[in-house]
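Quick notes on the structure that follows.
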2 protein chains.
Amino acid sequence: MALGKDYVAQDCSIARALEVVGERWTLLIVRDALYGVRRYNDFLVHLGIPRAVLAARLQSLTDAGVLEKRPCPEAPRRHEYVVTERGRALWPTLRALGTWGRDAFGDGKPLRYFRHAACGTELGLTAECPACGGLVPLEDVEMLPGPGLDADPADPVSRAMLGPRRLLQPIRIDPV
Amino acid sequence: MALGKDYVAQDCSIARALEVVGERWTLLIVRDALYGVRRYNDFLVHLGIPRAVLAARLQSLTDAGVLEKRPCPEAPRRHEYVVTERGRALWPTLRALGTWGRDAFGDGKPLRYFRHAACGTELGLTAECPACGGLVPLEDVEMLPGPGLDADPADPVSRAMLGPRRLLQPIRIDPV
DNA sequence: GAGTCAAGTTCATTCATTGAACCTATGGGC
DNA sequence: GCCCATAGGTTCAATGAATGAACTTGACTC
């Protein structure tokens with residue numbers, strides 16, 4: 001929404017936030033980044049997004065300081081996009097949106113669980129731990145597949161996301 | 001996003017939620033509805049949204065059970081769109097998004113404060129009361145103008161939103 | 001030297017958004 | 001009865017963004 005008409009003059013923090021993450025695909029990219037996706041091709045495969053749109057979104061998210069683009073440490077000619085602190089701060093929003101989607105439109109079979117790894121308690125509405133009381137550091141959030149999740153997805157990124165794993169833990173795709 | 005390509009097969013509650021509230025303008029309409037806007041023309045004036053888009057979004061939000069359309073009790077020929085329980089459940093998401101926008105892109109002068117009316121404490125990141133511990137019922141949330149807010153806005157809806165008021169309290173525009 | 005792979009860019013088509021103009025039903029003033 | 005205003009839309013042409021397929025570029029590999 002940065003291009004063309006924007007939400008200028010709305011005098012509202014929500015509108016300002018939506019200028020950055022309100023476009024189609026953008027929040028899903030941030031979600032994937034929090035789940036550990038880092039590489040252009042992995043976003044591409046997992047989201048099924050057109051290449052041109054992905055490139056544009058990664059660029060604008062980088063400009064906005066939500067992601068950081070940097071050379072991949074292992075293979076120097078590759079890049080990775082890593083969530084910054086500002087990007088991590090979107091996790092409570094995404095958690096709230098996800099619980100809303102689940103409660104409002106789910107069929108009773110959760111797709112994923114998010115637990116505080118230290119105590120095993122499922123996160124509350126907005127990513128806090130009801131038992132320990134407080135926002136759980138992202139590194140301590142464990143995501144697990146729920147009964148509603150496709151147990152044998154086609155694309156390798158979804159497959160890598162199946163197992164219990166931590167938020168932010170980089171996805172690695174085994175070269176076949 | 002309901003039309004054309006959608007986020008089908010994403011197998012994710014966030015994607016499902018975005019199918020309903022992810023389009024341009026949609027979350028701003030829900031925000032206004034939570035702030036007490038109820039009438040077509042008030043949304044129109046406050047958001048500066050094209051008429052056709054507003055009509056389409058009100059329709060799809062009504063279809064999704066986020067808003068309810070009903071005849072206005074005072075003037076029987078008018079309608080109002082009122083947030084349902086499902087719509088109210090979006091408040092923590094919007095609060096989280098707003099605090100993110102404020103913290104990430106604000107200039108230090110908050111635009112609005114949201115307080116728990118019973119104790120005067122400012123709401124936390126996601127609409128809970130840090131003092132009382134728990135989600136505050138929307139009717140008990142008081143919104144107040146902050147130092148960053150335009151103190152003399154042009155449109156009557158913004159003017160009606162200036163004073164300290166409760167969430168959901170219907171906006172009334174005095175006929176000039 | 002031919003082939004591959006990551007990470008894009010280019011381009012024609014399709015789709016959504018925009019802003020202006022028009023429509024319709026009611027209600028009020030005279 | 002006639003004129004005008006208001007609420008809540010619909011229609012339409014022009015613009016802008018999204019899509020999918022094809023093409024590009026610069027390593028590295030066999």
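The structure displayed is predicted, hence computed values, not measured ones. So you know, we letter chains A, B, ... as the sequences are listed, proteins then strands, and number each from 1.
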Can you tell me which nucleotide in [options] comes closest to the side chain of [X]?
{"X": "B:Arg24", "options": "D:dA27, D:dA18, C:dT18", "result": "C:dT18"}
{"X": "B:Ala55", "options": "D:dT10, D:dA7, C:dT18", "result": "D:dT10"}
{"X": "A:Arg57", "options": "D:dA18, D:dG9, C:dT18", "result": "D:dA18"}
{"X": "B:Arg39", "options": "C:dT9, D:dG8, D:dA18", "result": "D:dG8"}
{"X": "B:His79", "options": "D:dG9, D:dT19, C:dC5", "result": "D:dG9"}
{"X": "A:Tyr40", "options": "D:dC28, D:dA7, C:dT9", "result": "C:dT9"}

For this session: Without swapping roles, check the side chain of A:Arg165 against the backbone of A:Gln169 for a donor-acceptor pair under 3.5 Å.
Result: yes
Exercise. With distance as the sole test, does A:Arg78 use its side chain to make a donor-acceptor pair with the main-chain N or O of A:Cys72 at under 3.5 Å?
Worked result: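 Pair absent, no side-chain N/O of A:Arg78 close to backbone of A:Cys72.
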Exercise. Does any N or O donor sit under 3.5 Å from an N or O acceptor when you compare the side chain of B:Arg51 with the base of D:dG8?
Worked result: yes
May I have the distance from [X] (atom [atom1]) to [N] (atom [atom2]), rounded to whole angstrom?
{"X": "B:Arg78", "N": "C:dG27", "atom1": "CZ", "atom2": "P", "value": "11 Å"}
{"X": "B:Phe43", "N": "D:dA7", "atom1": "CZ", "atom2": "C1'", "value": "14 Å"}
{"X": "A:Arg77", "N": "D:dT25", "atom1": "CZ", "atom2": "C1'", "value": "12 Å"}
{"X": "B:Leu47", "N": "C:dT18", "atom1": "CG", "atom2": "P", "value": "11 Å"}
{"X": "A:Ile173", "N": "C:dC5", "atom1": "CD1", "atom2": "P", "value": "15 Å"}
{"X": "A:Leu58", "N": "C:dG8", "atom1": "CG", "atom2": "P", "value": "7 Å"}
{"X": "B:Asp42", "N": "D:dG8", "atom1": "CG", "atom2": "C1'", "value": "12 Å"}
{"X": "B:Leu28", "N": "C:dT17", "atom1": "CG", "atom2": "P", "value": "14 Å"}

For this session: For C:dA16, take OP1 and OP2 only and decide whether either is under 4.0 Å from a side-chain N or O of B:Trp25.
Result: no
For this session: Return no unless some side-chain N or O of A:Lys69 is found under 4.0 Å from OP1 or OP2 of C:dA6.
Result: no
Exercise. Starting at the 5' end of DNA chain D and moving along, which residue's nearest nucleotide shows up first, B:Asn41 or B:Ala56?
Worked result: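 It is B:Asn41 whose nearest nucleotide is closer to the 5' end.
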Exercise. Going through the distances and angles, do B:Phe43 and B:Trp25 end up as a ring pair (Phe, Tyr, Trp, His ring centres under 6.0 Å)?
Worked result: CA-CA 11 Å; B:Phe43 285 109; B:Trp25 296 112; over 10 Å; no
Exercise. Would you say the side-chain atoms of B:Ser158 and B:Asp155 include a donor-acceptor pair closer than 3.5 Å?
Worked result: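 There is such a pair between these side chains.
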For this session: Quick one: pull up CG in B:Leu54 and CD1 in B:Ile29 and give me the separation to the nearest 0.5 Å.
Result: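 Answer for the CG-CD1 pair, B:Leu54 versus B:Ile29, is 5.5 Å.
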For this session: Specify the residue among A:Ala52 and A:Glu80 whose closest nucleotide of DNA chain C lies further upstream toward the 5′ end.
Result: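 Closer to the 5' end of DNA chain C: A:Glu80.
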